Amino acid sequence: MDEVVEQVENAKKEWEETYNKAQQHINSIHDFGKSRTEKSSSSLPRLNALAQDELGLLNSLVFKLDLLAPQLPSHLQVESALSLLKSWKDQIQRLRLNLRNANLQAKENMRKSAKEERELLLGGGEESTIRRRNLQTKAGMTSAAETITDSLRRTRQLMVQEVERSGSTLMAFEESTGVLKKAESEYKGHRSLLMRTRNLLSTMQRQDVLDRVILALGFLFFSLAVLYVVSKRIGILKLQRTVTAAIRSGMAGQANILQRPGGDGLQPPHVHRNAVPDPGIEVALGQPMHDEL
């Protein structure tokens with residue numbers, strides 16, 4: 001059976017029981033005061049309180065059925081529940097009207113009973129004396145019972161208020177629990193995102209350090225290459241200048257010897273035809289020297 005259907009059936013059973021009890025108490029109120037020997041436990045305020053409690057319970061059942069009716073599985077069941085709901089509201093109105101009429105009848109009964117008691121008390125004899133004593137005892141017991149009943153009713157109202165306050169607190173706790181669970185799930189999502197971000201930052205930091213090392217090494221190699229090229233060029237230029245100066249000085253000396261008057265100068269050195277020419281001198285004499293690089 002569907003859970004909603006089961007709740008509706010339970011509400012119907014509870015309605016029948018409560019309605020019968022309320023009708024019985026209204027009938028008791030209607031007949032109150034007809035007998036001269038009413039018990040204090042069946043006093044009129046107590047009967048009215050019980051009837052009011054049962055009417056309140058019936059109203060809560062009407063509210064419950066009003067909530068459950070739209071949730072029924074079939075359209076036919078919904079129509080039946082709405083029809084039953086209207087019937088229940090009409091029955092509650094009739095019970096309230098009957099309760100009002102019963103209280104009026106009870107007051108009338110008590111008025112008649114008090115009139116009879118007064119006539120009996122004003123009469124003479126032993127029966128009147130016993131009646132007066134019983135009436136005084138009964139009045140004291142009734143007053144004490146009413147006091148206790150009022151105290152119990154106040155206690156019940158305080159308990160109902162505490163229950164309602166506890167229910168509100170429980171609902172607030174449930175809402176807070178839901179909010180905390182939602183916050184926890186969001187925190188877990190943000191935590192995973194933060195972990196991924198931290199890993200990315202660590203990777204970027206390592207890459208940054210590696211890039212710095214590569215740049216430093218590249219700059220070092222570049223500097224060394226520049227120094228090597230500079231030093232190499234300076235050494236070659238010095239060598240070229242030295243060789244050029246030596247060749248020029250040698251050629252100038254030979255020209256001076258050949259140009260002396262009288263022909264008594266020294267003869268130019270005999271150059272052997274098969275001698276291997278000096279590549280350094282040949283380069284210096286024949287063409288300009290180039291840089292190795």
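Values below: every heavy atom of this structure, side chains too, minus hydrogens, waters and symmetry copies. Everything numeric in this text was worked out from a predicted model, so none of it was measured.
- A single hydrophobic cluster is seen to contain both Phe222 and Val230, as judged by linkage of ILVMFWY side chains at heavy-atom distances under 4.5 Å, directly or through other members.
- Side chains of Leu95 and Leu99 form no contact here, defined as non-hydrogen atoms less than 4.5 Å apart.
- Side-chain contact check for Leu84 versus Val8: every heavy-atom pair is 4.5 Å or farther apart.
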>> With side chain to side chain contact (heavy atoms under 4.5 Å, CB included) as the criterion, how do Ile29 and Gln105 come out once you've worked through the C-alpha distance, each side chain's angles and the decisive distance to 0.1 Å?
In response: CA-CA 8 Å; Ile29 293 171; Gln105 183 63 39; over 6 Å; no
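- Here Leu57 contributes atom CG and Ser60 contributes atom OG; the two are 4.5 Å apart, rounded to the nearest 0.5 Å.
- Proximity of a side-chain donor or acceptor of Asn109 to a complementary backbone N or O of His30 within less than 3.5 Å is detected.
- The shortest side-chain heavy-atom distance between Val62 and Trp15 falls under the 4.5 Å cut-off.
- One finds the CG atom of Leu152 at 10.5 Å from the CE atom of Met159 (value rounded to the nearest 0.5 Å).
- Separation of atoms CG (Asn103) and CG (Asn98) is listed at 11.0 Å; rounding is to 0.5 Å.
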> Met195 and Arg198: side chain to side chain contact (heavy atoms under 4.5 Å, CB included), yes or no, with the steps?
Replying inline: CA-CA 5 Å; Met195 291 296 293; Arg198 183 181 298 175; 4.3 Å; yes
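- A 4.5 Å side-chain heavy-atom check between Ser192 and Arg196 finds at least one atom pair inside the cut-off.
- Remark: Asp90 does not engage Arg94 in a salt bridge, criterion side-chain N to carboxylate O under 4.0 Å.
- Put simply, the side chain of Pro70 does not reach to within 4.5 Å of the side chain of Val78, judged on heavy atoms.
- Inter-residue side-chain proximity for Asn101 and Ile26 is flagged as unmet; no heavy-atom pair is nearer than 4.5 Å.
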> Is there a side chain to side chain contact (heavy atoms under 4.5 Å, CB included) between Lys12 and Trp88 once you walk through the steps?
Replying inline: CA-CA 10 Å; Lys12 289 180 181 179; Trp88 282 5; 4.2 Å; yes
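- When side chains are defined from C-beta on, Leu61 does not count as touching Leu65, because their heavy atoms never get closer than 4.5 Å.
- Of the possible donor and acceptor atoms, one in the side chain of Thr18 sits under 3.5 Å from a partner among the backbone N and O of Glu14.
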> Could you walk me through whether Leu67 and Phe63 pass the side chain to side chain contact (heavy atoms under 4.5 Å, CB included) check?
Replying inline: CA-CA 6 Å; Leu67 292 177; Phe63 181 72; 3.5 Å; yes
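- Side-chain atoms of Ser168 come within 3.5 Å of backbone atoms of Glu164 as a donor-acceptor pair (strictly under, hydrogens ignored).
- With rounding to the nearest 0.5 Å, the separation of NE2 in His25 from CG in Leu50 is 4.5 Å.
- Using a 4.5 Å heavy-atom cutoff, the side chains of Leu85 and Lys89 are in contact.
- For the atom pair Ser74 OG and Gln77 CD, the distance stands at 3.5 Å (nearest 0.5 Å).
- Contact check on Glu16 versus Lys13 returns no salt bridge, with no Lys/Arg side-chain nitrogen under 4.0 Å from an Asp/Glu carboxylate oxygen.
- Look at Glu162 and Arg165 and you find a salt bridge, because one of the NZ, NE, NH1 or NH2 atoms lies within 4.0 Å of a carboxylate O, short of that distance.
- The distance from atom CG of Leu215 to atom CG of Asp208, rounded to the nearest 0.5 Å, is 9.5 Å.
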